[in-house]
Amino acid sequence: MPRRTIGFVLVFVVPRGGGAGRVAGHLGVFTEDGTPAGEPEWLDDLAPRVAELERTHRPRWVWPHTADIYPDLLRSGVRVERCHDLALAEGLILNYHGRHGEPRALAAAWARARGLPVPDDPPPVRREDQPTLFEPDRSPLPDGVDPVRAAVTVHGGQQRAAGEVEHPDRMRVLIAAESAGALAAAEMSHAGLPWRADVHEALLAELLGPRPAPGARPARLAELAEKIAAALGGRQVNPDSPASVVRAFAAAGVDVPSTRAWVLREVDHPAVEPLLEYKELARLYAAHGWSWLESWVRHGRFHPEYVVGGVVSGRWATRGGAALQLPRALRSAVRAEPGHVLVVADAAQLEPRVLAALAGDARLAEVAAAGDLYASLAADSFAGDRARAKVAMLSAMYGGSSGGAGPLLAVLRRRFPDAVGYVEAAARTGEQGGLVRSRLGRTSPPPSAAWREMIGGGSRPEADETAQRRSLRAARDWGRFTRNFVVQGSAADWAAALLAVLRRRLSARVSAAELVFFQHDEVLVHCPEAVADAVCAELCSAAEEATRLVFGATPVRFPLDVHVVTCYADAK
DNA sequence: ACAGACCGCGCC
DNA sequence: AAAGGGCGCGGTCTGT
């Protein structure tokens, strides 16, 4: 094949059987204008062909779902630069139109792919026997449907759909960033986060005692359980059972409404201290103990599975390993390999900055020019009281008002009417059952039928006080969700753009660096010590580029706090 | 025995 | 006037 620039390569894969470490499938090469460049091919092993095309053409790979194919390619040593993930794009577009949760194998996409009339309202539930483009292991395509042609058709439909939303440019950025995120997620799962099992084990031994026999409690937990029982007058009590603990306290003459740590801390009783310690250690044991280590750490790396597109707001989820909840105490087990460092970068106070940019609030943007936004906000509006400034801002974004936040929020509203007005408008939209969007167009789900029923029930003339209260409550709850959605979703937009841009920059300019971890607004790069400065420079440029991509020419700054360390625990 | 609800807590 | 957003996970408890 002559060397020339080709805009798109469309790949369709139908995994067959066990796979045996290889991924088979159809592959078709197309030029940018949609003209096929040669016949579609069937390959028993896609990896070599993908590697070759990547080397010669740097195409955009269009495939049903990155998570279904890219991990296998990575295991075969093949990395690609860019892709269009049909399933993720389909989800974003469907959600934009308020059709959350519909099967990704949209009936309309199928109809288009098969040249059939497109139904106006595709059935919401896919039948078991209905073939699907996006879950290729379910069932093969119907006879006579060429998989490459189907992918081309669906892709074309998505390009059109992206062009028809209110801000097509933003939707295109979103789809590209989401697709790049899927690539980065697979790469990070593959690479893994450097993890010193010996450090982790030493920590467990120090806090819990030696590893217990299967079914037994660690020594330290058994000891604390005895102390708790003794302090409660020798009553039977299972510290793992909230109900049992409440009963035991009641029997000892102490009324506790629940066993939440912050509740217990207010209780003056000798059982409280050992109980709090028990709960903390029991959690470490259950969630990140020896069995976690066995399940998730191999050859010195923690390999979580990221789920891109798993949260409507655009945040990532994880499957197994609780990767996004690594306790701070365990971060000492995250160590760079010899001669290497970890570059830890997190966006400083991302959400309030996002709000300033979203709302176009010039005054808040000014406040956000400072490195420490909350300190700057405190100086501006809260007589220098940083804690109060932070509470005020968080209540605006979350809809909370506990801890006397009401008056603080009022200060914020007077001083920054555009920013506060923006989230309050989002809350009102939600209270009325409407949809809200992130900056790039991620869209909140419509409220459930049960919600609508409750809202309707409260406004009927015969509604009693309880029904009215329930209705009001449901409306407010959903309003809090949509209020937060615009901020959380737009922060996810920014973070996705950052990751996409950083990934491209690193592969082009600091190839020895690898992305090893990402959580919401924080990214970890593992690299040889000698290139740490280069990585820092790329990070800063990436943050600026991401800001421009998502918010255009906003005056709001989005600084990164960057730490070059050998141990994750030393960052911050 | 198993599934699913609830609790409580970890992270952002 | 009052109203805290998102998730994953492992534990218990309840219903079948």
Side-chain angles (χ1 to χ4, degrees), chain A residues 217 221 237-247 256-264 275-276 278-289 291-292 295-296 304-307 309-331 346-351 354-355 390-410 423-424 426-428 430-431 436 438 442 444-445 469 472-492 495 517-523 568 572:
Chain A
R217 247 183 199 145
L221 288 183
V237 56
N238 176 2
D240 287 322
S241 162
S244 160
V245 171
V246 170
R247 278 195 305 271
V256 289
S258 77
T259 65
R260 293 191 179 91
W262 64 269
V263 170
L264 291 177
L275 183 55
L276 289 172
Y278 179 94
K279 285 160 79 78
E280 199 177 323
L281 293 177
R283 184 175 163 80
L284 174 69
Y285 172 59
H288 290 96
S291 53
W292 180 91
S295 306
W296 297 101
E305 286 174 54
Y306 299 95
V307 185
V311 183
V312 274
S313 69
R315 280 188 172 183
W316 292 7
T318 53
R319 190 163 29 224
L324 301 183
Q325 302 130 256
L326 285 185
R328 289 184 169 274
L330 276 186
R331 293 186 182 181
D346 75 290
Q349 301 131 359
L350 179 57
E351 294 196 339
V354 161
L355 176 55
K390 186 170 175 177
V391 166
M393 186 53 82
L394 293 179
S395 339
M397 295 187 301
Y398 291 161
S401 71
S402 57
L408 301 178
L409 188 50
V423 282
E424 291 188 340
R428 279 196 303 278
E431 287 171 11
V436 298
S438 74
R442 291 185 202 276
S444 68
R469 249 202 319 272
L472 193 63
R473 167 84 190 214
R476 292 290 145 87
D477 284 351
W478 199 252
R480 269 195 309 284
F481 169 63
T482 53
R483 168 197 293 263
N484 183 251
F485 185 96
V486 295
V487 177
Q488 187 184 116
S490 303
F517 193 60
F518 173 70
Q519 71 174 342
H520 310 313
D521 62 356
E522 180 176 17
V523 60
Y568 188 17
K572 310 188 185 184

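A, B, ... follow the sequence lines: proteins, then strands. Residue 1 opens every chain.
- At least one side-chain heavy atom of A:H288 sits under 4.5 Å from a side-chain heavy atom of A:L326.
- Within the 4.5 Å cutoff, the side chain of A:Q519 has heavy atoms near those of the A:E522 side chain.
- A:S395 comes within contact range of no nucleotide atom at all, as no heavy-atom separation falls under 4.0 Å.
- Atoms CZ (A:R217) and P (C:dG11) sit 12 Å apart, rounded to a whole Å.
- Taking the side chain as every heavy atom from C-beta outward, A:P257 and A:V263 approach each other to under 4.5 Å.
- Taking the six-membered ring where tryptophan is involved, the planes of A:F481 and A:W478 are tilted, since the angle between them lies from 30° to 60°.
- Among the heavy atoms of the strands, none lies under 4.0 Å from A:S313.
- Taking atom CG on A:L409 and atom P on C:dA1, their separation rounds to 13 Å, with Å as the unit.
- Between the CZ atom of A:F518 and the C1' atom of C:dC7 there is a distance of 14 Å, rounded to whole Å.
- Separating the CH2 atom of A:W478 from the P atom of C:dG5 is a distance of 12 Å, rounded to the nearest angstrom.
- Backbone-only engagement by A:R480 is indicated by non-hydrogen atom pairs under 4.0 Å involving sugar-phosphate atoms exclusively.
- Candidate nucleotides C:dG6, C:dG11, C:dG8 were compared by shortest atom distance to the side chain of A:D240, and C:dG11 ranks first.
- In this structure, the nucleotide among C:dT12, C:dA2, C:dG10 sitting nearest to the side chain of A:R476 is C:dA2.
- C:dA1 atom P lies 15 Å from atom CG of A:L472, rounded to whole Å.
- Counting to the nearest Å, the P atom of C:dA1 and the CZ atom of A:R469 are 19 Å from each other.
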*Could you run down nucleotides 3-12 of chain B 5' to 3' and tag each one B, S or - for protein heavy-atom contact under 4.0 Å?*
----SBBBBB

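- Rounded to a whole Å, the NE2 atom of A:H288 is 13 Å from the P atom of C:dG11.
- Put simply, CD on A:E305 is 13 Å from P on C:dG8, counting in whole angstrom units.
- Within the 4.0 angstrom heavy-atom criterion, only backbone atoms of the sugar-phosphate kind lie near A:R319; the bases stay farther away.
- Ion pairing between a basic and an acidic side chain is recognised when a charged N comes within 4.0 Å of a carboxylate O; A:R315 and A:E351 show such pairing.
- In this view, A:F517 satisfies the ring-ring contact (aromatic ring centres under 6.0 Å, His included) rule with no residue, not counting sequence neighbours.
- For C:dG4 and B:dC7, the P atoms lie 16 Å apart once the distance is rounded to whole Å.
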*Where do A:K279 and A:R283 land on the side-chain contact (heavy atoms from CB on, under 4.5 Å) test, with the steps shown first?*
CA-CA 6 Å; A:K279 285 160 79 78; A:R283 184 175 163 80; over 6 Å; no

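- Within the nucleic acid shown, A:G479 has no heavy atom closer than 4.0 Å to any nucleic acid atom.
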